[in-house]
> 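Here you go, one structure.
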Amino acid sequence: MRVLRRLLTARNFQVCRMATAQGTFPTVKDQHFDYFLVLDFEATCDNTQKIIPQEIIEFPVLKLNPKTLQVESVFHQYVQPRAHKELTPFCIELTGIVQDMVDGQPHIEETLEKFHEWMKTELLDKDASFTFVTCGDWDLKTMLPSQCRHFNIPVRPYFKSWINIKKSFADVTGEFPKGMMPMLHKLQIPHRGRHHSGIDDCRNIAAILKGLLEKGYVFKNTGFST
Ligand code: AMP
Ligand code: MG
Ligand code: MG
């Protein structure tokens, strides 16, 4: 009985948070987008040489509703690299992604198709507006376009604008941050999980996004590519 009561209380609390987003988060303002897609790629790398072409090995995206501050859906795929199939010890140590996690996984083309199916279900077919949120410009200005150019893969138009959360953070605080860790520190948000795991990085970037939303910030796109 006591367990049931506790469960009901927890559930009521959640419903209450969701139903009265404006009341629970009175400082959160209306945004220009229905959803934020927090994205953080991990890619092949080494500490002694530049890997060319660099290839995405983890492709995680969180769909966050700014009205409720909840993550409503997750896309998460490990990706098999084609040019440099063997991950370097440095890359494994940095990202926590071991060889077994990429072997047998879809290549980038299939991953992009799976992602597009997810996009259709979650956003495109519902006519919901959205933008990507990344920490820095590397993911969508450099990494994805350069890999697609190298393997002759078209880049879908929805990848061509995004929010670099470092710029949003600088708008709010007046300080341009070096990275995710200093932003978490400044906002007094505990770091969770493993740094340089793509999915954990997404969760931490989402926490920063929520922190800035709660400060009343209205996000706008900061990055564009052609
Ligand atoms: P991050 O989102 O900061 O985890 O980094 C994304 C990708 O950038 C990693 O998967 C690596 O390919 C590369 N990277 C990040 N930090 C380093 C580093 N210290 N040395 C070499 N490559 C790095
Ligand atoms: Mg990153
Ligand atoms: Mg990362």
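All ligand and atom numbering here is 1-based and tracks the order in the structure.
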> Which ligand 1 atoms does Trp138 reach within 4.0 Å, using its non-hydrogen atoms?
6 (C), 7 (C)

> Within the stated cut-off of 2.8 Å, is an N/O/S atom of Asp40 closer than that to the Mg ion (ligand 2)?
yes

> With no hydrogens and no angle check, just 3.5 Å: does a side-chain donor-acceptor pair link Glu122 and Ser73?
yes

> Heavy atom of Gln54 under 4.0 Å from ligand 1?
yes

> Is the ring centre of His116 less than 6.0 Å from the ring centre of Tyr158?
yes

> Can you name the one residue among Glu109, His150, Glu55 that meets side-chain hydrogen bond (donor to acceptor under 3.5 Å, both in side chains) with Arg82?
Glu109

> Examine the proximity of ligand 1 to Leu94 and report which part, side chain or backbone, both or neither, has a heavy atom under 4.0 Å away.
side chain

> Measure the distance from atom 22 (N) of ligand 1 to every protein heavy atom, then report the residue, atom name and distance (to 0.1 Å) of the closest one.
Cys45 CB, 3.8 Å

> Could you tell me whether Lys215 atom NZ has more than 12 heavy atoms of other residues or ligands within 6.0 Å of it?
no

> Would you mind naming the N, O or S atom of Glu42 nearest to the Mg ion (ligand 3)?
OE2

> Do Lys220 and Asp171 sit within salt-bridge range, that is, some charged N less than 4.0 Å from a carboxylate O?
yes

> Within a distance under 4.0 Å of any heavy atom of Phe41, pick out the atoms of ligand 1 and give their elements.
2 (O), 6 (C)

> Using 2.8 Å as the threshold, say whether any N, O or S atom from Asp200 sits that close to the Mg ion (ligand 3).
no

> For ligand 1, indicate whether the residue Ile57 contacts it via side chain, backbone, both or neither (heavy-atom separation under 4.0 Å).
neither

> Given Cys202, which of Leu62, Leu64, Leu37 fulfils the side-chain contact (heavy atoms from CB on, under 4.5 Å) condition?
Leu62

> Give the residue and atom name of whichever protein heavy atom lies nearest to atom 5 (O) of ligand 1, and the separation in Å to one decimal.
Glu42 OE1, 3.6 Å

> Quick check, are the ring centers of Phe36 and Phe130 under 6.0 angstrom apart?
no

> Which atoms from ligand 1 have a heavy atom of Asp40 less than 4.0 Å away?
2 (O)

> Are Phe33 and Phe219 an aromatic pair by the rule of ring centers under 6.0 Å?
no

> Among all protein heavy atoms, pick the one closest to atom 18 (C) of ligand 1 and tell me residue, atom and distance.
Phe90 CZ, 3.9 Å

> For Asn47, is the nearest heavy atom under 4.0 Å from an atom of ligand 1?
no

> Does CD in Gln99 sit with more than 12 non-hydrogen atoms of other residues, nucleotides or ligands closer than 6.0 Å?
yes

> If you have a sec, work out which protein heavy atom is nearest atom 12 (O) of ligand 1 and how many Å separate them, to one decimal?
Ala43 O, 2.8 Å

> Could you tell me whether the side chain of Asn65 and the main chain of Lys67 form a donor-acceptor pair under 3.5 Å?
yes

> Check Met180 against ligand 1 and report side chain, backbone, both or neither, counting heavy atoms closer than 4.0 Å.
neither

> Hey, which N, O or S atom on Asp201 ends up closest to the Mg ion (ligand 3)?
OD2

> Answer yes when Lys120 and Glu117 have at least one side-chain N-carboxylate O distance shorter than 4.0 Å, and no when they do not.
yes

> Do His196 and ligand 1 have an N or O pair less than 3.5 Å apart?
yes

